[in-house]
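Single-structure report; data block below.
Indexing begins at 1, ligand by ligand and atom by atom, following the structure's order. Here the structure is a predicted model, which means the values were calculated and not measured. Numbers here simply count residues along the sequence, with the first being 1.
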Amino acid sequence: MELKTLLVQKKEGYAIVTINRPDKLNALNNLTITELYSVMKDLNADDTVRAVVLTGSGEKAFVAGADISEIKEQDEITGELFALKGQRVFRYIEQMAKPVIAAINGYALGGGCELAMSCHIRICSTKAKFGQPEINLGLLPGYGGTQRLPRLIGRTDALYLLLTGEMIDANRAYDLGLVSEVVEPAQLLERAETLAKIISEKPPIAARYILKAVDEGLNMPIDAALNLEAELFGKICATEDMKEGTSAFLEKRKPQFKGR
Ligand code: COA
C-alpha cells in the first residue's frame with residue numbers, strides 16, 4: 001500500500017510511524033485511520049520490529065483530532081460507523097503484541113489524545129497540549145476517550161476535562177498520570193527511540209505476555225486476572241528465553257535472548 005498520510009521508518013529492532021498531515025495539524029481523516037491500521041498490522045506481524053514509536057510531523061501537533069470536516073458530514077448511522085472504525089483501529093494498537101510508544105510533540109486533542117491513550121507508553125515534549133475538546137463542537141469523543149481517560153486518570157479529572165473541553169499542558173498531563181515523562185522538544189524523539197531500543201533488547205515473548213496480562217487483566221475481576229497472570233507465568237517458564245535469562249543471571253553474564 002502506497003502511504004499518503006503516514007511515514008514509516010524501520011530501524012534496528014524498532015519502527016517509527018509518523019502521522020504526516022502537518023498542514024492540517026495531523027488531523028486523522030478516514031485515509032489516515034485506514035493507513036494506520038494497515039501499517040500497524042504489518043509491524044505487528046514483523047518479528048524484526050520489537051517496539052513502535054508513534055509521533056506527529058511538524059513542530060506543532062502530534063494529532064489535533066479527528067478531521068472535523070469529515071465529522072461534519074456524518075449522520076446517525078454513518079456517525080456510529082465512523083466511531084466504530086476508529087475505535088477498532090485504536091483497540092488494535094492497544095492489543096498489539098509489542099509496545100507502542102507515543103512521542104507527543106505538540107497538540108494531542110480529541111482523537112489525538114485518544115490515539116495517545118491507546119499506546120502503551122506516553123512521553124511528551126514541554127510543548128505538548130492535551131484535551132478532549134469535542135464538547136466545544138457539540139460532540140463527544142468517539143474513539144475511546146470517554147472510556148480510556150477515566151481509566152487512566154480517574155473519573156474526577158476525566159469528567160472535568162471531558163465536560164469543560166479544557167486544554168492542559170505537559171506538566172499537568174504528567175501530574176495527572178497521562179504521560180510518564182516530559183522532555184525538551186529537541187530531545188523527544190531521541191528519548192522515545194532510546195526507550196524503543198531498550199525494549200527491543202528485552203525478550204519479546206515476555207513483553208507480549210506483560211501487555212496481554214495488563215490489557216486483559218484490567219478488564220477482569222482480580223481472581224480471574226491473577227489466574228491469567230499465573231497461566232502466562234507458566235507459559236513463559238516453558239520458553240528458551242526464560243532459561244537463558246535466569247541462567248545468565250546466575251552465571252553473571254549478559255543474556256542472549258532469541259525470542260523463543
Ligand atoms: N480537523 C480538521 N482540520 C484541522 C483540525 C481538525 N481536528 N485541527 C486543525 N485543523 C486544520 C485547520 O482547519 C487549519 O486548516 P487550514 O489552514 O486549511 O485552515 C490547519 O489545521 C491549522 O490549524 P489552525 O486552527 O489554523 O491552527 P492554530 O495554531 O490557530 O490552532 C488548534 C491550533 C489545535 C488550537 C486548532 O487547530 C484547533 O482547535 N483544532 C481543533 C481541535 C479539536 O477540536 N479537535 C477535536 C476534533 S473532534
Side-chain angles (χ1 to χ4, degrees), residues 3-7 17-37 54-91 93-94 102-119 122-153 157-174 176 178-179 182 185 188:
L3 298 171
K4 295 210 164 66
T5 65
L6 300 183
L7 302 172
V17 177
T18 306
I19 315 273
N20 189 32
R21 297 184 74 211
D23 53 323
K24 296 288 176 195
L25 302 187
N26 304 320
L28 300 171
N29 62 9
N30 188 39
L31 181 63
T32 317
I33 297 277
T34 302
E35 291 188 348
L36 194 56
Y37 188 41
L54 181 61
T55 194
S57 76
E59 301 281 297
K60 276 177 80 171
F62 173 69
V63 167
D67 193 310
I68 297 169
S69 63
E70 287 186 357
I71 296 177
K72 185 173 175 288
E73 304 307 320
Q74 306 301 324
D75 60 27
E76 186 168 349
I77 298 198
T78 61
E80 184 173 344
L81 295 173
F82 180 97
L84 285 171
K85 180 174 175 179
Q87 283 181 3
R88 174 154 178 204
V89 175
F90 288 14
R91 186 74 179 125
I93 293 171
E94 189 169 50
I104 302 151
N105 51 310
Y107 290 115
L109 301 174
C113 191
E114 291 169 302
L115 177 59
M117 288 193 289
S118 308
C119 298
R122 280 169 294 286
I123 66 171
C124 75
S125 91
T126 51
K127 279 172 45 188
K129 296 245 186 314
F130 299 80
Q132 296 289 162
E134 287 88 345
I135 195 163
N136 300 331
L137 302 165
L139 285 167
L140 76 155
Y143 289 169
T146 63
Q147 301 310 306
R148 291 196 179 90
L149 194 61
R151 281 169 169 79
L152 278 174
I153 69 171
D157 290 312
L159 279 171
Y160 177 90
L161 291 176
L162 291 163
L163 291 171
T164 62
E166 203 173 286
M167 242 191 263
I168 56 170
D169 66 14
N171 287 334
R172 179 74 181 134
Y174 177 79
L176 288 173
L178 194 51
V179 294
V182 181
L188 180 68

If I take atom SG from residue C113 and atom NZ from residue K129, how far apart are they, to the nearest 0.5 angstrom?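 If we round to the nearest 0.5 Å, C113:SG and K129:NZ are 13.5 Å apart.
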
May I have every N or O pair linking ligand 1 to the protein at under 3.5 Å, one per line with atom names and distance?
residue: ligand 1; atom: 1 (N); partner: A66; partner atom: O; Å: 3.4
residue: ligand 1; atom: 1 (N); partner: I68; partner atom: N; Å: 2.9
residue: ligand 1; atom: 7 (N); partner: A64; partner atom: O; Å: 3.1
residue: ligand 1; atom: 7 (N); partner: A66; partner atom: O; Å: 3.0
residue: ligand 1; atom: 15 (O); partner: K24; partner atom: NZ; Å: 3.4
residue: ligand 1; atom: 18 (O); partner: K24; partner atom: NZ; Å: 2.5
residue: ligand 1; atom: 29 (O); partner: K60; partner atom: NZ; Å: 2.5
residue: ligand 1; atom: 45 (N); partner: A64; partner atom: O; Å: 3.0

Within a strict 4.5 Å, meaning less than it, do heavy atoms of the I93 and L115 side chains meet?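 In contact.
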
Excluding sequence neighbours, so at least two apart, what forms ring-ring contact (aromatic ring centres under 6.0 Å, His included) with Y37?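 Checked Y37 against ring-ring contact (aromatic ring centres under 6.0 Å, His included); matches are Y92.
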
Name all residues meeting the ring-ring contact (aromatic ring centres under 6.0 Å, His included) criterion together with Y143; count only those two or more places apart in sequence or in a different chain, and write none if there are none.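 ring-ring contact (aromatic ring centres under 6.0 Å, His included) check on Y143 returns F82, F90.
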
Donor-acceptor pair, side chain of N26 and main chain of A61, under 3.5 angstrom: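 Yes, N26 side chain to A61 backbone: donor-acceptor pair under 3.5 Å.
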
If the condition is salt bridge (charged side-chain N to carboxylate O under 4.0 Å, His left out), which residues does E80 pass it with, not counting sequence neighbours?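 Per chain and number, E80 pairs via salt bridge (charged side-chain N to carboxylate O under 4.0 Å, His left out) with no residue.
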
